[in-house]
Amino acid sequence: MPKAVVLGAAGGIGQPLSLLLKANPLVTELSLFDIVNTPGVAADLSHINTQSKIEGFLPPDDGLKKALTGADIVVIPAGVPRKPGMTRDDLFKINAGIVRDLATGIALTSPKAFVLVISNPVNSTVPIVAEVLKQHSVFDPKRLFGVTTLDVVRASTFVAEKLGDPSLAPSVSVPVIGGHSGVTIVPLFSQSSHPLPANFAASDLEALTTRVQFGGDEVVKAKDGAGSATLSMAYAGAEFAAKILRAINGETGIAVPTYVNLTSDPSGGEALKKELGRELEYFSSIVELGSSGVSKILPLGKITEFEKKLIDAALPELATNIDKGVSFTTPSKL
Ligand SMILES: NC(=O)c1ccc[n+]([C@@H]2O[C@H](COP(=O)([O-])OP(=O)(O)OC[C@H]3O[C@@H](n4cnc5c(N)ncnc54)[C@H](O)[C@@H]3O)[C@@H](O)[C@H]2O)c1
Ligand SMILES: O=C(O)C[C@H](O)C(=O)O
């Protein structure tokens, strides 16, 4: 009987994501929280004839607490999006505090919920949530996920385009590992379910890799000051949430790339760390899901020299982003 909660539910991602969760038959209850407009969004969605009961909450009268009570899965798209010329790290100043406050609410009200972080910069906001949960002694690394699914969705779409058959897009699966910003995004095209054409030149592979790494910038530029990806992100977030809901429901064999704390793996991610050649607290890799969350982090497996170089280029920035999140210890005002 999963109850899902969206924090930041009135936003560009929050509204369509809430719509897709309202349409998911595995969700029985849906709570929407934002600092504005959630009563209206919830009233609108409540007319959809799916099973879930829906309610909208605002900050007054303990709205966050009421929204989170009994939550099984909490998705967080709250925070400001980029404008042209900004990096995701530029959002840290504002979003770090927002995410910290919402994580404090989760720690106090629904410490056992699965937490799915969309707010950027994901490489740093996930460690912030973990640190807050640790401060309240309720951190379970198996239940905390940075949502990197949009990178996977983009990689699948672009590969299908290169194969000249867009109808393949839903079945193309490309692992995208590392983190979620620029060079920390590492698509492993050599492990694509649908190999790239045999005559694909090295320069084409570089261009395709760059397109996945900077796909977010493409949307930010096209939206021209009106924000970043919202609809494709809502789709990706709902896809990822659906996998988590299926795992909670007892389905086994679900594996998906997501940004996690490496202690979520029974061996502390040792195999992965060995492959990376570096100690890291967080990394996005393919993760096997179970009803309690992460059941195993899979090793990278066979990768090409080109992909090894991409990983090596990703690690220093990723480490800096993680440190920034971990050391953001300003206490919450809540
Ligand atoms: N992980 C990803 O792949 C990915 C993809 C796209 C966007 N994002 C990120 O998602 C975030 C949201 O993007 P958006 O386009 O929906 O932005 P938006 O401005 O349209 O919506 C954000 C919402 O958050 C709400 N909000 C602000 N502070 C809040 C608080 N303290 N509590 C609850 N709600 C609060 C706002 O009122 C707003 O409704 C951004 O940080 C963006 O960079 C991540
Ligand atoms: O690019 C952004 O800022 C939003 C998001 O992270 C994306 O990848 O589209």
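For clarity, every value in this text was computed on a predicted model and none was experimentally measured. Indexing begins at 1, ligand by ligand and atom by atom, following the structure's order.
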Protein contact of atom 36 (C) of ligand 1 - nearest heavy atom, named by residue and atom, plus distance: Asp34 OD1, 3.4 Å
Residue-level breakdown please: for Ile98 versus ligand 1, do any non-hydrogen atoms fall below 4.0 Å on the side chain, on the backbone, on both, or on neither? side chain
Counting only heavy atoms closer than 4.0 Å, does ligand 2 sit against the backbone of Asn120, its side chain, both, or neither? side chain
Nearest to atom 20 (O) of ligand 1 by heavy atom, Gly12, Ser119, Ala234, Gly227: which? Gly12
Under 4.0 angstrom from ligand 1, any heavy atom of Val147? yes
Ion pair Asp217/Lys221, N-O distance below 4.0 Å: no
For Ile98 against Ala78, the heavy-atom pair lying closest together: CG2-CB, 4.0 Å
Closest non-hydrogen contact found for Leu276 with Leu315 is O-CD1, 3.7 Å
If we check side chain to side chain contact (heavy atoms under 4.5 Å, CB included) with Phe189, which of these qualifies: Thr304, Val212, Val176? Val212
Say whether Asp217, considering both its backbone and side-chain N or O atoms, lies within less than 3.5 Å of an N or O atom on ligand 2. no
Which protein non-hydrogen atom lies closest to atom 24 (O) of ligand 1, naming both residue and atom, and how far is it? Gly79 N, 3.3 Å
List the closest protein heavy-atom neighbour of atom 44 (C) of ligand 1: residue, atom name, distance to the nearest 0.1 Å. Ile118 O, 3.0 Å
Arg88 to ligand 2: N or O pair under 3.5 Å? yes
Proximal ligand 1 atoms for Asn95, defined as those under 4.0 Å from one of its heavy atoms: 41 (O)
Do Lys162 and Asp204 sit within salt-bridge range, that is, some charged N less than 4.0 Å from a carboxylate O? no
Under 4.0 Å from a heavy atom of Gly8: give me the atoms of ligand 1 that qualify, with their elements. 24 (O), 34 (N)
For atom 27 (C) of ligand 1, what's the nearest protein heavy-atom neighbour? Residue, atom name and distance, please. Ile35 CD1, 3.9 Å
Angle class for the Phe92/Phe328 ring planes (parallel below 30°, perpendicular above 60°, tilted otherwise)? perpendicular
For atom 4 (C) of ligand 2, which of the options Ser228, Ser232, Gly182, Gly215 provides the nearest non-hydrogen atom? Ser228
Do the side chains of Lys112 and Asp140 get nearer than 4.5 Å, heavy atoms only? no
Quick check on side chain to side chain contact (heavy atoms under 4.5 Å, CB included): which of Leu116, Val115, Ile118 does Ile76 satisfy it with? Val115
Under 4.0 Å from one or more heavy atoms of Ala229, ligand 1 contributes atoms 6 (C), 7 (C)
Distance to 0.1 Å, residue and atom name: give those for the protein heavy atom nearest to atom 19 (O) of ligand 1. Pro81 CD, 3.5 Å
Distance check, rounded to the nearest 0.5 Å: Leu205 atom CG versus Thr210 atom OG1? 9.0 Å
Nearest heavy-atom neighbours spanning Pro77 and Gly8: CG-O, 4.0 Å
Rounded to the nearest 0.5 Å, how far apart are CZ of Arg211 and CZ of Phe158? 3.5 Å
When you measure from atom 5 (C) of ligand 1 to every protein heavy atom, which one gives the shortest distance, and what is it? Met233 SD, 3.2 Å
Just heavy atoms, cut-off under 4.0 Å: does Leu150 contact ligand 2 by side chain, backbone, both, or neither? side chain
Take a 6.0 Å sphere around NZ of Lys83 and say whether it holds more than 12 heavy atoms from other residues, nucleotides or ligands. no
Which part of Val122 is near ligand 1, with near meaning a heavy atom under 4.0 Å away: side chain, backbone, both or neither? side chain
For Thr230, the atoms of ligand 1 under 4.0 Å from one of its heavy atoms are 15 (O)
Applying a 4.0 Å heavy-atom criterion (strictly less than), which segment of Arg154 is in contact with ligand 2: side chain, backbone, both, or neither? side chain
Shortest non-hydrogen pair, Lys3 vs Lys66, comes out as NZ-O, 3.8 Å
Identify the protein heavy atom lying closest to atom 6 (O) of ligand 2, giving its residue, its atom name and the separation to 0.1 Å. His180 NE2, 2.6 Å
Under 4.0 Å to a heavy atom of Gly216 - the qualifying atoms of ligand 2, by number: 1 (O), 7 (C), 8 (O), 9 (O)
Using only atom types and a distance under 3.5 Å, with no angle test, would you say the side chain of Thr125 pairs donor to acceptor with the backbone of Ser119? yes
Could an N or O of ligand 1 be found under 3.5 Å from any N or O of Val36, whether backbone or side chain? no
For Val122 and Val117, work out which heavy atoms get closest and say how close. CG2-O, 4.1 Å
Could you name the option among Leu91, Thr149, Leu150, Val80 that has the heavy atom nearest to atom 41 (O) of ligand 1? Val80
Specify the protein heavy atom at minimum distance from atom 8 (N) of ligand 1: its residue, its atom name, and the distance to 0.1 Å. Asn120 ND2, 3.4 Å
How far is atom 10 (O) of ligand 1 from its nearest protein heavy atom, and which residue and atom is that? Ile13 CD1, 3.3 Å
Nearest to atom 33 (C) of ligand 1 by heavy atom, Phe240, Phe92, Phe33: which? Phe33
Using a heavy-atom cut-off of under 4.0 Å, does the side chain or the backbone of Arg88 touch ligand 1, or both, or neither? neither
Straight-line distance of Leu262 CG to Glu279 CD, nearest 0.5 Å: 8.5 Å
Minimum heavy-atom separation for Pro175 and Gln191, please, with both atom names. CG-OE1, 3.6 Å
To the nearest 0.1 Å, how far is atom 3 (O) of ligand 2 from its closest protein heavy atom, and which atom is that? Arg82 NE, 2.6 Å
Under a 4.0 Å N-O cut-off, is there an ion pair linking Lys134 with Glu131? yes
What part of Ala78 sits under 4.0 Å from ligand 1 if we count only heavy atoms: the side chain, the backbone, both or neither? both
What are the atoms of ligand 2, with element, lying closer than 4.0 Å to any heavy atom of Ala229? 9 (O)
